[in-house]
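What follows is a single structure, written as structure tokens, with notes after it.
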Amino acid sequence: MLSRPKPGESEVDLLHFQSQFLAAGAAPAVQLVKKGSRKSGDATRDQSPLQDHRDVVKLNDFPDLPPALVPAPPKRARPSLGCPLPEDEDPEEKLNRHDQHITAVLTKIIERDTSSVTVNLPVPSGVAFPAVFHRSQENRLVTSGKRSIFAQEIAARRMSESRVLSAEEVVPNLDPPEGAVTCETPTPRDQRDHILGNSHSFQGPHLITGKGLRGQEAQQEVQTIHKENVARLQAMDPEEILQEQQRLLAQLDPSLVAFLRSHSRTHEQKGEKATKEQRPGEPSVPVTKEEPIKSASPSEPTKEDKLEPGVPALTLPVTPHKEWLHMDTVELEKLHWTQDLPPLRQQQTQERMQARFSLQGELLPPDVDLPTHLGLHHHGEEAERAGYSLQELFHLTRSRVSQQRILALHVLSQVIGRAQAGEFGEQLVGSVLQLLLDAGFLFLLRFSLDDRVDGVIAAAVRALRALLVAPGDEELLDSTFSWYHGALVFPLMPSWEDKEDEGEDEEPPGEKAKKKMPEEGHRPPPDLARYDVIKGLLATNLLPRLRYVLEVTCPGPTVVLDIVAVLIRLARHSLESATRVLECPRLIETIVREFLPTCWAPIEGGPTPSLHKVPCAAAMKLLRVLASAGRNIAARLLNSFDLRSHLCRFIAEAPQELPLPPEEAETLCTEAFRLWAVAASYGHGSELYRELYPVLMRALQAVPMELSNHPLQPLSMQRIASLLTLLTQLTLAEHSTGNPQTGGNAPPSGENVTWTQVSGLQPLVEPCLKQVLKLLPRPEMWSALGPVPTACLLFLNAYYQTWSQQPSLCPEDWLQDMERLLEDLLLPLISQPPLSRLWDSLRHCSPLCNPLSCTPAPEALSSLVSLRCTGGCPSLSLAGSASPFPFLTALLSLFNTLARIHKGICGQLAAVLAAPGLQNYFLQCVAPGTAPHLTPFSAWALRHEYHLQYLVLSLAQKAAFQPVLTTNTALLHAMALALLSRLLPGSEYLAQELLLSCVFRLEFLPEYASGGPEAADFSDRLSLGSSGDPQCGRGALLVQACQDLPSIRSCYLTHCSPARASLLASQALHRGDLQQVSTLLLPVPKETLLPTDWPFLPLIQLYHQASDTPSGVPPVDTLGTAIRVLQWVLVLESWRPGALWTVPPAARLARLMCVFLVDSELFREIPVQRLVAALLARLCQPQVLPSLNLDCSLPGLTSFPDLYASFLEHFEAVSFGDHLFGALVLLPLQRRFSVTLRLALFGEHVGALRALGLPLNQLPVSLECYTGPPEDNLALLQLYFRTLVTGALRPHWCPVLYAVAVAHVNSFIFSQDPKSSDEVKAVQRSMLQRTWLLADECLRQHLLHYKLPSSSLPEGFELYSQLPPLRQQHLQRMASGVLQNGVSET
């Protein structure tokens, strides 16, 4: 075997290897095969490989020296044996001449000859620009080839000068059409013609046009090429043509093949059209459908194969032309959308249809027929219906076309705005906003903010504002900023966590926070957004993106305002969100620098092109909202961003002098005052008062002039009210820094506001108050004043409060000034009829009296809190323009301050408490009814209403001994009890004051001095019909309770007082101790401060302590706490039953059971026994007993059967037959209650029956409540019979249940219901038989001869002296069966 050459061998070795290979005569590893000539067909294809003529290297003829470096001769190809190459012919030229492959034609590039082309100048016209060519003009052009619109337009203009039609286009087609049915047998020539296509007839070239060549040469060259092609095709057999066609299709690009086919079809259509035009008079020939060229791939179906038979042809409104753009190949299935719309389908049933919206976000009715030019029809589902569905809008937001994304976001923002406005109502099923959030709309907006197109960013910001910022929320909070504690607001954040934990055991708040904070930090944004939209957004780095948009892209004014509105909503969410807004890098710096500049170019009339470097009131409001979140944030804003200079800049000039639009200047000045007032609420910004004192005095002196202008401007009224609120906070700041009782957080003495600096404000504010009070008789003018009268009264309140705290001044001065104010201003005001009109309107504007006014809006979301409600804020509502609450609350606040300082004028001020409108309002507030559901808006509104109620009660407490209160003290006490159970978080100080003053004050219990105890005893004698010991009656217990009111108050202060930190924060806000105020955000209103059953709260806490402590160790002072609670509950049950109407009787029964579960000895104490007996008697009254329902869910109790099971265990262990304990055990065993309770006693605690020795005459309810209707539970009936037969239930052990069991067993054994099942009949027969055979004659007599229940008889029931005939016959039948068959044991 020959070896291969190895590295390092020389040429001599290679020649030696070659000689050995040739001598051996072996076959080469590679065979050279040469293709035959195309002209000779396949003659050379079968030729054997050239094995005899090998390329052999010979070195004999090689010269010894290398050749000179001269240009080498052209390389010539080696000729084949059959075709020797002439010496004078270039092989490349011959190869190019004989290469007939299609690629040789397409790749040959010939430069266009433009030497003979004439250039014509455009025709001059009278217009500045040439007419715009519209695409609809394209149908006039008849050109061939793919040409641009511009080229076609130029060709059309030259058509009038020279237009030569090719001869091939007008030659008639005389061949029969393809596909015509004939009877002759096709010949090979016919087959070839069929393959080549007879419709062509080789009338001219279709691909080669000769463009670019000179005129005559082009036509000649084209015809020459065409003749060669025709001759070549005619010389080939059909099989060869098909084989070559398949080979070409396999080599070419499929797109190129499609192009050639479409080009061929176009020429065929032109030829047919020309034939018809040339021979109009000839008879028509049968025209059949032309068969397209089939694809080379058998797996590729044709379009005609997809059409179903019988389907009508597609009717297009316009015939497509190939000259149109992208219309070279007409695909009919893609042109269905150009047809006329199908008729609108009429809805025949009540089935739901997909909601569709217009471009303005309006909900379109399903049967509306709109014209198509509105742009509301498209090619999606239900093309006949106008409008876009939410799914289609979502699809458009992901479009590659920016205009479509902008349009979709715009429509979605319009839909959200209309949904929040309540326009859709009940037309849609479900919530639109919730559906959008569930579909990921929130994160779609976040992704759109990262878009590169400014229009998409603007639309996304607009949609984000529409989603987050509810319409009317900011206007509502701004209009009430100057109310009594109007700057204090609840955080707009949801409280989902507490709703999830309602069924769990209560845990300390600190432990809950520790458990949930780590989980919250690791939650992904979608999970956070499901419960809190704001938190989910903040987790997506929204703030840096908004800062980038403001700082880098410099958007338009609308986008800037939208971004600022979104930031305000984020800041109102919580202290955490406000801190994140503040700490976002360069965000606040950008806002202060760009939108709160101290110098700017004057803005002329018209819209502002850009808000950058122009003061913006919304930016000032953002800083105010941030400052409201906390003391530290306010200090950082003032110190780090130099807001003092900005405040000086916008306050120093009057709004009319600022180079801004008038409305913007008014709003900017108002927001500057409010920002300063918020800072002053923490004691900050006092040094600005000295600098701007002349400015403030000038503004205050101009107030009377502005109030005299008519009509009054709302923006001016808001600015005046904000100015007065600022002065109020500055006055309180002097009180806080000058009061030695406040903490040590006061600023340095040089920055304090002194009394001298604020004492001159009162002479300027009081005339303003007198001026506005003159407008009180005119309701339209009074409502136009807005919060100005309220702000004046609140300033006077702060002024006198601060004046009375000045130790260096004479008290006689402020006392005399108060008397002067009372005589000159307040007494005339009290006697005015318009003030009575305000008291009368309280009931109509009260959310407590009108719970439906606080109904949440239809689109309210639990994960996105807003203050919207159904119906908005009409004029006759708490937040409406005609609301009396702000003015009356401020007036009562001033009255309380004057009454606290000057005791001598309490009687005169208390005259307002006798207003009939106020008394009617209180009567409706304490009446049983449905309280408003706790929503964000109801919490906000009720807080302001509770302020008025508390101030009325506080004034009544100060004037408790005045004769004006003798007629309505009971009503005021009932109001105090109701208010105590309704107060919301943030009002801890008010709850503490109510517990200290009104609730447990004897003066508010007039029944004690007017024969209430005696009336209670008389009522009990009438209802119970017994005359017991007077010392043990309810009257004596009530007297003792009234005498123990101080101890009762101390008990409730110990167990019901709020947390100390919350109490101190609330106290600082209500007392005006500004140095102790840490934030103006109130706690989240998850629930009321005290539960509705707060009178039982100490008892419940004792029960929990007893459950948690080791066995045998009772809680501290258990007896005293239990006695005080039972005394207070007895007082409420007797004299204030309305205070407990929210606590169902079943819940009161469960609380009484806790007395027995706290300690094994507590129920034996005589005071506890008497109090529990009296309360049990109240629960068993005929008017209360029907409402006792133990089967419903009870507040604070997971399951009453579980509690009753524990109660039975405790009774069985420690009761020792106590009758009161037994009465509580028997009360839930009534027939109308759940059978589970009776099964628990007779099935699991049978031993307790021996201790239930309560006599029949001491049963608190009628015996008929236990015996009727007959028992139908088979298991319980068997337990009744078993306990009777076995002797576990005997009349002298448990007389009540013995009578009950006998009654039910007797009714069962003598029951003859034909509908009874076989099992029941078998048990009934067996029980009767066993009864007949009982050895205990007494029990047998009772079971067989029972007649009716009767508590007066010793047995508890009457007996038949002789059985009725029906029962006697039934008994005899059963007895005879026993004698015949015997008794079968069961």
**Request:** Apply ring-ring contact (aromatic ring centres under 6.0 Å, His included) to His485 and list each qualifying residue two or more places apart in sequence or on a separate chain.
**Result:** His947, His1070
**Fill in**
By side-chain contact (heavy atoms from CB on, under 4.5 Å), Ala439 pairs with (sequence neighbours left out) Phe394
**Asked** Judged by modelled atom types alone, do Ser482 and Thr725 share a side-chain donor-acceptor pair under 3.5 Å?
**Response** yes
**With Pro662 via side-chain contact (heavy atoms from CB on, under 4.5 Å) - residues at least two apart** = none
**Request:** Answer yes or no for Arg624 and Phe481: cation-pi contact, defined as NZ/CZ to six-membered ring centre under 6.0 Å and angle to ring axis within 45°.
**Result:** yes
**Message:** Under 3.5 Å, is there a donor on one side chain and an acceptor on the other for Ser938 and Thr935?
**Reply:** yes
**Message:** Within the 3.5 Å criterion, strictly below it, is a donor on Thr667 or Thr670 matched to an acceptor on the partner's side chain?
**Reply:** no
**Message:** For Glu663, is there any backbone N or O sitting under 3.5 Å from a side-chain donor or acceptor partner on Glu666?
**Reply:** no
**Message:** Tell me whether the rings of Trp940 and His944 are parallel (<30°), tilted (30 to 60°) or perpendicular (>60°).
**Reply:** perpendicular
**Request:** Report yes if some heavy atom in the side chain of Leu567 is under 4.5 Å from a heavy atom in the side chain of Leu543; otherwise report no.
**Result:** yes
**Message:** Going by the rule side-chain hydrogen bond (donor to acceptor under 3.5 Å, both in side chains), which residues pair with Gln404 if we only count those two or more places apart in sequence or in a different chain?
**Reply:** Ser399
**Message:** Regarding Arg462 and Gln414, do their side chains bring together a donor and an acceptor under 3.5 Å, going by distance alone?
**Reply:** no
**Request:** Can you tell me which residue pairs pass the ring-ring contact (aromatic ring centres under 6.0 Å, His included) test with a partner in residues 455-477, sequence neighbours excluded?
**Result:** none
**Asked** Tell me, which pairs form a ring-ring contact (aromatic ring centres under 6.0 Å, His included) where one or both residues lie in residues 536-565, sequence neighbours left out?
**Response** none
